[in-house]
Amino acid sequence: GVAFRGGAPAIPWSNYPEAAGVPAGNPSSNPGAAVWTFTAAPTAAGVSTAGGFLSLNLAAAGQSLVLPPGTYWLVVNTRGTFANRWAQFGSATGNGTFMSLTVDLANAGVWTSNAAFAGLNMRVTGQVTCGAPWLGAITPASGNVAGGGSQATSVALTSSALPAASYSGFVCVNSNDPVTPSAAVQVQLTVTP
């Protein structure tokens with residue numbers, strides 16, 4: 001859960017590239033290593049703490065984030081009037097580990113892996129454009145699948161009118177699944193001369 005004490009803190013959200021299993025930087029000693037940072041109050045447009053969960057809607061916050069392919073760490077921290085310590089919020093779910101940042105003078109900026117309790121449970125969602133001019137018919141176009149089951153499908157690709165290059169598009173599937181009513185699967189096509 002999320003709780004804010006000591007006034008209305010600022011919440012910095014940052015994406016750091018992967019660096020040998022830890023973020024390439026940190027908000028304390030190397031904030032410039034972030035490829036994207038956005039800071040807002042808990043009451044700002046696009047920020048919500050409803051239900052004890054901290055969330056950021058990029059579009060509502062006026063942010064647009066496009067990252068190059070790679071592995072990134074999402075680092076969310078709070079800054080408030082209790083500036084003598086970092087606030088780390090655990091979750092009852094997650095992968096069982098989380099990273100903490102040592103802030104003492106001798107080890108400032110050192111990331112440490114912790115497994116004392118479940119890690120932060122972060123979910124990143126986004127929107128993609130479904131389809132592409134070179135994506136053709138999906139067979140079968142619809143069907144029924146039992147819970148936990150699967151169904152093989154095929155997608156026709158048309159590369160004859162495309163110049164040599166790499167292309168990426170998404171096939172989108174809609175269902176009555178209450179948890180994931182829509183899912184996108186990336187399809188990559190490389191056309192060689």
Side-chain angles (χ1 to χ4, degrees), residues 1-19 21-103 109-130 168 170 172-175 177-186:
V2 178
F4 296 103
R5 296 182 186 94
I11 306 170
W13 310 71
S14 302
N15 281 109
Y16 289 91
E18 168 83 16
V22 298
N26 64 71
S28 178
S29 64
N30 191 7
V35 294
W36 171 83
T37 297
F38 174 71
T39 302
T43 55
V47 179
S48 173
T49 59
F53 295 97
L54 179 61
S55 64
L56 174 64
N57 180 315
L58 291 174
Q63 294 290 299
S64 177
L65 176 60
V66 178
L67 297 172
T71 302
Y72 298 91
W73 287 83
L74 174 61
V75 177
V76 182
N77 60 288
T78 61
R79 293 182 182 157
T81 57
F82 60 98
N84 63 334
R85 62 189 168 273
W86 287 84
Q88 176 72 47
F89 299 97
S91 170
T93 60
N95 66 4
T97 63
F98 65 96
M99 299 298 291
S100 66
L101 185 62
T102 303
V103 293
V110 176
W111 287 106
T112 304
S113 180
N114 297 272
F117 55 86
L120 292 177
N121 186 17
M122 294 188 180
R123 181 180 70 175
V124 178
T125 59
Q127 295 179 344
V128 297
T129 301
C130 298
S168 180
F170 290 89
C172 297
V173 178
N174 298 315
S175 73
D177 182 334
V179 176
T180 310
S182 298
V185 177
Q186 186 175 27

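Nothing here was measured: the structure is a model prediction, and the numbers come from that model.
Shown here are the side-chain hydrogen bond (donor to acceptor under 3.5 Å, both in side chains) partners of S182, two or more places apart in sequence or in another chain: N174. In terms of the side chain to side chain contact (heavy atoms under 4.5 Å, CB included) criterion, residue partners of S55 (sequence neighbours excluded) are, by chain and number, S48. Residues forming a side-chain hydrogen bond (donor to acceptor under 3.5 Å, both in side chains) with S168 (at least two apart in sequence, or on another chain): Q186. Taking the side chain to side chain contact (heavy atoms under 4.5 Å, CB included) definition, one finds that A60 meets it with N57, sequence neighbours left out. Residues satisfying the side chain to side chain contact (heavy atoms under 4.5 Å, CB included) test with A183, not counting sequence neighbours, are T180.
Nearest heavy atoms, Y72 versus P69: OH-O, 4.1 Å. Smallest separation of non-hydrogen atoms from V75 and P27: CG1-CG, 3.9 Å. In this structure, A24 and N30 approach most closely via the heavy-atom pair O-ND2, 3.7 Å.
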Indicate every side-chain donor-acceptor pair of residues 9-19 with a distance under 3.5 Å to a residue at least two apart or in another chain.
{"from": "W13", "atom 1": "NE1", "to": "I11", "atom 2": "O", "distance (Å)": "3.4"}
{"from": "S14", "atom 1": "OG", "to": "T37", "atom 2": "OG1", "distance (Å)": "3.0"}
{"from": "Y16", "atom 1": "OH", "to": "N26", "atom 2": "O", "distance (Å)": "3.3"}
{"from": "E18", "atom 1": "OE1", "to": "W73", "atom 2": "NE1", "distance (Å)": "2.8"}
{"from": "E18", "atom 1": "OE2", "to": "G21", "atom 2": "N", "distance (Å)": "2.6"}

Stepwise, does the side-chain contact (heavy atoms from CB on, under 4.5 Å) test hold for F170 with V185? CA-CA 5 Å; F170 290 89; V185 177; over 6 Å; no
